[in-house]
Amino acid sequence: MAEQGSYSFRGIGMLMRVVAVVTSSIATIISTVLPLAFGYDVSKFNLFLLFILLVIGGFLVHGVLTHVFNDITDFHSGTDQESPGLLSGGSRVLQTGTMTLGMLKRIGLIVTAILVFAAALFFLFGQIELAILCMVGLWGAATYSLAPFRFAYRPFLGEWLSLFPSLLLLGLAAPWIMLDHIPAWAWQNALINAIWCMAWVMIHHVPDIPADRRATPVKGTSVVWAVKRFGMNRAGLPALIYLILVGLIAFSMIGDRPIGAIGTLLMLGYGIYLVLRMRVRDVEQVTAYEKVLLLLAMVTAIWLGLFPAM
């Protein structure tokens, strides 16, 4: 494997998992950029530059660094080697020999240095919001997989202490920077998008339950916790809980944003239906449902962006 690895376009594409990043991180950015573009008197040129900057940051943090750290840690624990490897089980760059462990470590160091350097520059030039965004993204990527935190290996911590703050701030970034306050619609959009992303991540972990339980240390995801406590048929419980949270936020919006709320609830209803009828031992079906949940999350994000108010 060490002799075959190379920095190829194929390897970078596998590592970044572009579809997942676009349907989560990039959709989250679009969800709060659209209302600014069509409903506010802001510089469209500055907004476009900010959008590009956020997209680059989203790919660096969620497409590269998070996956690099996750691949390294899951390789050492052994879970990725045992995974069915359809959508779950890491990027597969190590398992296929497309990249080596040393290459992943070098990429991780370079991207970490870029984010720290960018945060320092933003701070020096008074762009405090962008500096915070860089450091929160770095925090999320590192704490999700790397020791001593390794929050992905503990139930609920990976979602709430690593994924959630990074995704929430990414969603809030555009209105936070472009306006003198963060409107209610921005908080609603960012919260829904972040929590919905956490829901499909839970489905992403379902096929890896046997591998995660055999890992050293055990990768005690929220899904593994649910199976241990309630049995294999309740593996979808964490995803269901997060989708219900999305529903509560959507219901709270009905009075002020009926179109956005109702559209969200319709897509949410289909998502909940899929989770309830999911056969957790059928890896192909679970993978197919995960793809649908990704699509629903993206459509919801764009829908909310198009209808920030009635």
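- The shortest side-chain heavy-atom distance between Leu60 and Ile114 falls under the 4.5 Å cut-off.
- Across every non-hydrogen atom of Leu265 and Ala250, the tightest pair is CD2-CB, 3.7 Å.
- Taking both residues in full, the closest heavy atoms of Leu15 and His67 are given as O-ND1, 2.8 Å, listed atom of the first, atom of the second, then distance.
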**Request:** Kindly determine whether Leu172 and Thr32 satisfy side chain to side chain contact (heavy atoms under 4.5 Å, CB included), including the steps that lead there.
**Result:** CA-CA 7 Å; Leu172 294 174; Thr32 48; 5.9 Å; no
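- For Phe230, the ring-ring contact (aromatic ring centres under 6.0 Å, His included) partners two or more places apart in sequence, or in a different chain, are Trp225.
- By the 6.0 Å contact criterion, CZ on Phe251 is open, its count of non-hydrogen atoms from other residues, nucleotides or ligands being 12 or less.
- Looking at Leu101 and Leu94, their side chains come closer than 4.5 Å, going by heavy atoms from C-beta outward.
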**Message:** Run Arg150 and Tyr144 through side chain to side chain donor-acceptor pair (under 3.5 Å) and show every step you take.
**Reply:** CA-CA 5 Å; Arg150 206 152 45 197; Tyr144 190 73; over 6 Å; no
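- With hydrogens and angles ignored, the 3.5 Å screen pairs a side-chain donor or acceptor of Thr23 with a backbone N or O of Ala20.
- One hydrophobic cluster, built from ILVMFWY side chains closer than 4.5 Å, cannot hold both Phe117 and Leu109; they sit in different ones.
- Hydrophobic clustering (ILVMFWY, side-chain heavy atoms < 4.5 Å, transitive): Val116 and Ile128 are in one cluster.
- Listed by chain and residue number, Lys219 satisfy the salt bridge (charged side-chain N to carboxylate O under 4.0 Å, His left out) test with Asp74 (two or more places apart in sequence, or in another chain).
- For the pair Arg257 (side chain) and Pro308 (backbone), a donor-acceptor distance under 3.5 Å is present.
- Partners of Arg213 by salt bridge (charged side-chain N to carboxylate O under 4.0 Å, His left out), not counting sequence neighbours: none found.
- Between the side chains of Thr73 and Tyr153, no donor N or O sits under 3.5 Å from an acceptor N or O.
- Taking every heavy atom of both residues into account, Ala211 and Glu82 meet most closely at CB-CB, 3.4 Å.
- Residues Phe59 and Ile26 have side chains in contact (heavy-atom distance under 4.5 Å, counting atoms from C-beta outward).
- The side-chain hydrogen bond (donor to acceptor under 3.5 Å, both in side chains) pairs that include a residue from residues 237-248 are Glu159-Tyr242, Trp160-Tyr242, where partners are two or more places apart or lie in different chains.
- Cluster partners of Trp139 are Phe149, Phe151, Leu157, Leu161, counting Ile, Leu, Val, Met, Phe, Trp and Tyr whose side-chain heavy atoms approach within less than 4.5 Å, directly or via other members.
- Within 6.0 Å of CZ on Arg234 lie no more than 12 heavy atoms contributed by other residues, nucleotides or ligands.
- In terms of heavy atoms, Leu170 sits closest to Leu54 at CD1-O, 4.3 Å.
- Pairing each heavy atom of Leu293 with each of Trp196, the nearest pair is O-NE1, 3.5 Å.
- Judged purely by atom type and a 3.5 angstrom limit, Thr66 uses its side chain to pair as donor or acceptor with the backbone of Val61.
- Contact between Val68 and Ile107 at its shortest, heavy atoms only, is CG2-CG2, 3.9 Å.
- Of the possible donor and acceptor atoms, none in the side chain of Arg281 sits under 3.5 Å from a partner among the backbone N and O of Asn233.
- Counting only N and O atoms by type, the side chains of Thr98 and Thr96 include a donor and acceptor under 3.5 Å apart.
- Checked by atom type and distance alone, the side chain of Glu290 never pairs as donor or acceptor with a backbone atom of Ile203 at under 3.5 Å.
- Applying the side-chain contact (heavy atoms from CB on, under 4.5 Å) rule to Ser24 yields the partners Cys197, Trp200; only residues at least two apart in sequence or on another chain are considered.
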**Asked** Run the side chain to side chain contact (heavy atoms under 4.5 Å, CB included) check on Met178 and Tyr40 step by step: do they pass?
**Response** CA-CA 10 Å; Met178 296 297 296; Tyr40 286 81; over 6 Å; no
**Message:** If you apply the rule side chain to side chain contact (heavy atoms under 4.5 Å, CB included), what do you find for Leu243 with Leu268, and how did you get there?
**Reply:** CA-CA 7 Å; Leu243 291 177; Leu268 176 69; 3.8 Å; yes
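- Taking hydrophobic clusters as Ile, Leu, Val, Met, Phe, Trp and Tyr residues chained together by side-chain heavy-atom distances below 4.5 Å, Leu130 does not share a cluster with Leu49.
- Without hydrogens or angle criteria, Trp303 side chain to Ser31 main chain gives no donor-acceptor distance under 3.5 Å.
- More than 12 heavy-atom neighbours from other residues, nucleotides or ligands sit within 6.0 angstrom of CZ on Phe122.
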**Request:** Might you work through the side chain to side chain donor-acceptor pair (under 3.5 Å) test for Thr264 and Thr300, ending with a clear yes or no?
**Result:** CA-CA 6 Å; Thr264 299; Thr300 299; 5.4 Å; no
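- Judged by distance alone, with hydrogens and angles left aside, the side-chain atoms of Asp71 form a donor-acceptor pair with the main-chain N or O of Ser91 at under 3.5 Å.
- Taking hydrophobic clusters as Ile, Leu, Val, Met, Phe, Trp and Tyr residues chained together by side-chain heavy-atom distances below 4.5 Å, Leu266 does not share a cluster with Ile254.
- No chain of hydrophobic side-chain contacts below 4.5 Å, direct or via other Ile, Leu, Val, Met, Phe, Trp or Tyr residues, connects Ile262 to Leu248.
- A donor-acceptor pair under 3.5 Å is formed between the side chain of Ser222 and the backbone N or O of Phe156.
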**Asked** Which is it for Arg277 and Tyr273 under the side chain to side chain contact (heavy atoms under 4.5 Å, CB included) test, yes or no, and what are the steps along the way?
**Response** CA-CA 6 Å; Arg277 74 186 301 266; Tyr273 166 75; 3.2 Å; yes
